[in-house]
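These numbers come from a predicted model, not from an experiment.
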Amino acid sequence: MGKKKDAAQPGAAVDVGQKRKKTAFQIVEPYLYLLPALILFAIFVFYPFVKTIVLSFSITTPTGTFSMWNGVQNYIDIFTDANFWNSMWITFRFAIVTVILSIVLGLIMAIISNEKFVGRGFFRTVYSLPMAISAAAAAAMFTFILHPTVGTLNYVLHTNIGWLTNPKWALFSVEMVTVWMRVGINFIFLLAALQSVPKDLYESAELEGAGFFRKHWSITIPCISPTLFFLLIINVISALQQYAQVRMMTDGGPSNSTRVIVFEIFEEAFTNGRFGVACTESVILFIIMMILTRIQFNLEKGVTY
């Protein structure tokens, strides 16, 4: 027994030596793989983020370079600015309407497409098509459709509504276009989630006499709640950052009725040359999104994994 023990000791020493030689490389190796991504993140994410915070406490030149420190005066000016609060109200209304409608419509279309019927593949393709169209292309297309004189919608409805020129209808029109753009991606995620719901649950519910709505309320929604939770987060974040369709369809008008917060930030920076104020509004928007995301995670108790 003693000889075997002595014979094993040199081998053990060699193993320890090999482990020590590998340890240094093992520590460095993961960072070498991450280095390209870290460099890109540092240049395009971390540096702009830090600079935005710094400029939010300063006055800048019309070209966006630092001029002088301004303390918290930018924040005071913004919180006492009626235009800022108008933009926040419009943004929150826009987010609430578009998030709820796009998720609900996506769920309805996913449930319908999950049933077996002739032409199901065609309808799935049609429902998912909006996600393949860019925001600029969709905005240009709907600008023509909603035109007050030569627009297709007024011609079909036999009306004469200024969908994009009347303050009563402009925000509603942009909201509906945004819902149409977001439904496709929501439909794809929800249809994939429905594929994972066990069929025997539906069969058991049918045997117990559950109707169509009761079946989906008691089985479908709890089973796909993780996907609904995920879509809620990404849709809220996306809705708070919408800009392209507002810029192209209404340019913030008429009478600032569609002036969402990101459009306000763009105007302050690149039209008014107030980059410090624009950075301040960007920081406030980031804090709002962070708070809303935190609230949503606190409400995660209703999610069934």
Side-chain angles (χ1 to χ4, degrees), residues 88-115 120-121 123-135 137-139 141-142 171-198 201-202 205 211-246 249 258 260-262 285-286 288-305:
M88 291 304 304
W89 158 245
I90 293 171
T91 302
F92 277 112
R93 177 200 149 163
F94 177 87
I96 292 170
V97 172
T98 56
V99 169
I100 293 176
L101 287 182
S102 62
I103 292 179
V104 170
L105 291 176
L107 178 60
I108 293 172
M109 292 191 303
I111 291 174
I112 294 173
S113 297
N114 197 43
E115 301 292 332
R120 181 174 64 171
F123 284 100
R124 286 181 176 182
T125 304
V126 172
Y127 289 156
S128 59
L129 274 179
M131 66 174 292
I133 302 176
S134 67
M141 177 178 66
F142 277 99
L171 183 58
F172 171 79
S173 301
V174 176
E175 288 169 347
M176 293 305 103
V177 173
T178 305
V179 169
W180 180 84
M181 291 167 54
R182 295 295 304 173
V183 159
I185 186 67
N186 292 337
F187 165 76
I188 293 294
F189 275 102
L190 291 169
L191 181 61
L194 288 174
Q195 305 297 314
S196 63
V197 179
L201 294 178
Y202 294 123
F212 178 83
F213 293 101
R214 180 65 179 176
K215 182 173 61 176
H216 287 293
W217 179 262
S218 301
I219 297 175
T220 303
I221 293 179
C223 287
I224 66 171
S225 56
T227 303
L228 290 171
F229 176 69
F230 168 74
L231 289 177
L232 179 63
I233 292 176
I234 65 171
N235 275 270
V236 168
I237 294 174
S238 175
L240 293 176
Q241 299 180 85
Q242 291 299 314
Y243 167 77
Q245 60 269 39
V246 174
M249 296 177 68
T258 60
V260 293
I261 188 62
V262 175
L285 178 60
F286 168 76
I288 291 172
M289 289 192 294
M290 186 172 62
I291 292 172
L292 290 176
T293 304
R294 181 69 264 177
I295 292 173
Q296 291 172 22
F297 273 101
N298 289 338
L299 299 175
E300 193 184 4
K301 296 177 182 179
V303 178
T304 304
Y305 290 100

Please walk me through it: do V260 and Y243 pass side chain to side chain contact (heavy atoms under 4.5 Å, CB included)?
-> CA-CA 8 Å; V260 293; Y243 167 77; 5.8 Å; no

Verdict with supporting geometry, M181 and I133, side chain to side chain contact (heavy atoms under 4.5 Å, CB included) | CA-CA 8 Å; M181 291 167 54; I133 302 176; over 6 Å; no

When you look at T178 and Q242, which way does the side-chain hydrogen bond (donor to acceptor under 3.5 Å, both in side chains) test go after all the steps?
-> CA-CA 9 Å; T178 305; Q242 291 299 314; 4.9 Å; no

Please step through side chain to side chain contact (heavy atoms under 4.5 Å, CB included) for the pair M176 and L101, ending with a clear verdict.
-> CA-CA 9 Å; M176 293 305 103; L101 287 182; 3.6 Å; yes

For F212 and I111, what are the C-alpha separation, side-chain angles and deciding distance, and is it a side chain to side chain contact (heavy atoms under 4.5 Å, CB included)?
-> CA-CA 11 Å; F212 178 83; I111 291 174; 3.9 Å; yes

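Within the 3.5 Å criterion, the main-chain N or O of L231 finds a donor-acceptor partner in the side chain of N235. The backbone N or O of A193 lies less than 3.5 Å from a partner atom in the side chain of S196, making a donor-acceptor pair. Under a 3.5 Å cut-off, the side chain of R124 and the backbone N or O of S113 do form a donor-acceptor pair. In this structure a side-chain-to-backbone donor-acceptor pair under 3.5 Å is present from S225 to P222. No donor-acceptor distance shorter than 3.5 angstrom exists from the side chain of S218 to the backbone of K215, with no hydrogens or angles considered. A donor-acceptor pair under 3.5 Å is formed between the side chain of S128 and the backbone N or O of T125. T91 places a side-chain N or O within 3.5 Å of a backbone atom of I261 that can act as its donor or acceptor partner.
Among V179, N186, I185, the single residue meeting the side-chain contact (heavy atoms from CB on, under 4.5 Å) criterion with V183 is V179. Partner of I237 under the side-chain contact (heavy atoms from CB on, under 4.5 Å) criterion, out of I233, L240, I234: I233 alone.
Residue S102 comes nearest to R182 through the heavy atom pair CB-CB, 3.8 Å, listed as atom of the first residue, atom of the second, then distance. Nearest heavy-atom pair, R120 versus E115, reported as atom, atom and distance to 0.1 Å: CD-O, 2.9 Å.
In this structure, CD on Q245 lies 10.5 Å from OG on S134, to the nearest 0.5 angstrom. Here the CH2-OG1 distance, from W180 to T98, works out to 15.5 Å after rounding to the nearest 0.5 Å. Expressed to the nearest 0.5 Å, how far CD1 of I219 lies from CD1 of I221 amounts to 11.5 Å. Separation of atoms CD1 (I103) and OG1 (T227) is listed at 11.0 Å; rounding is to 0.5 Å. Note that CZ of F187 is 9.5 Å distant from CD1 of I112, once rounded to the nearest 0.5 Å. Atom CD1 in I224 sits 5.0 Å away from atom CG in L194 (nearest 0.5 Å).
The 12-atom threshold is not exceeded at CZ of R214, counting heavy atoms of other residues, nucleotides or ligands nearer than 6.0 Å. Few gaps surround OH on Y202; more than 12 heavy atoms of other groups in view lie less than 6.0 Å from it.
For the pair Q195 and N114, the minimum side-chain heavy-atom distance is below 4.5 Å. The closest side-chain heavy-atom distance from M109 to L191 is not below 4.5 Å. A heavy-atom distance below 4.5 Å is not found between the side chains of L107 and F189.
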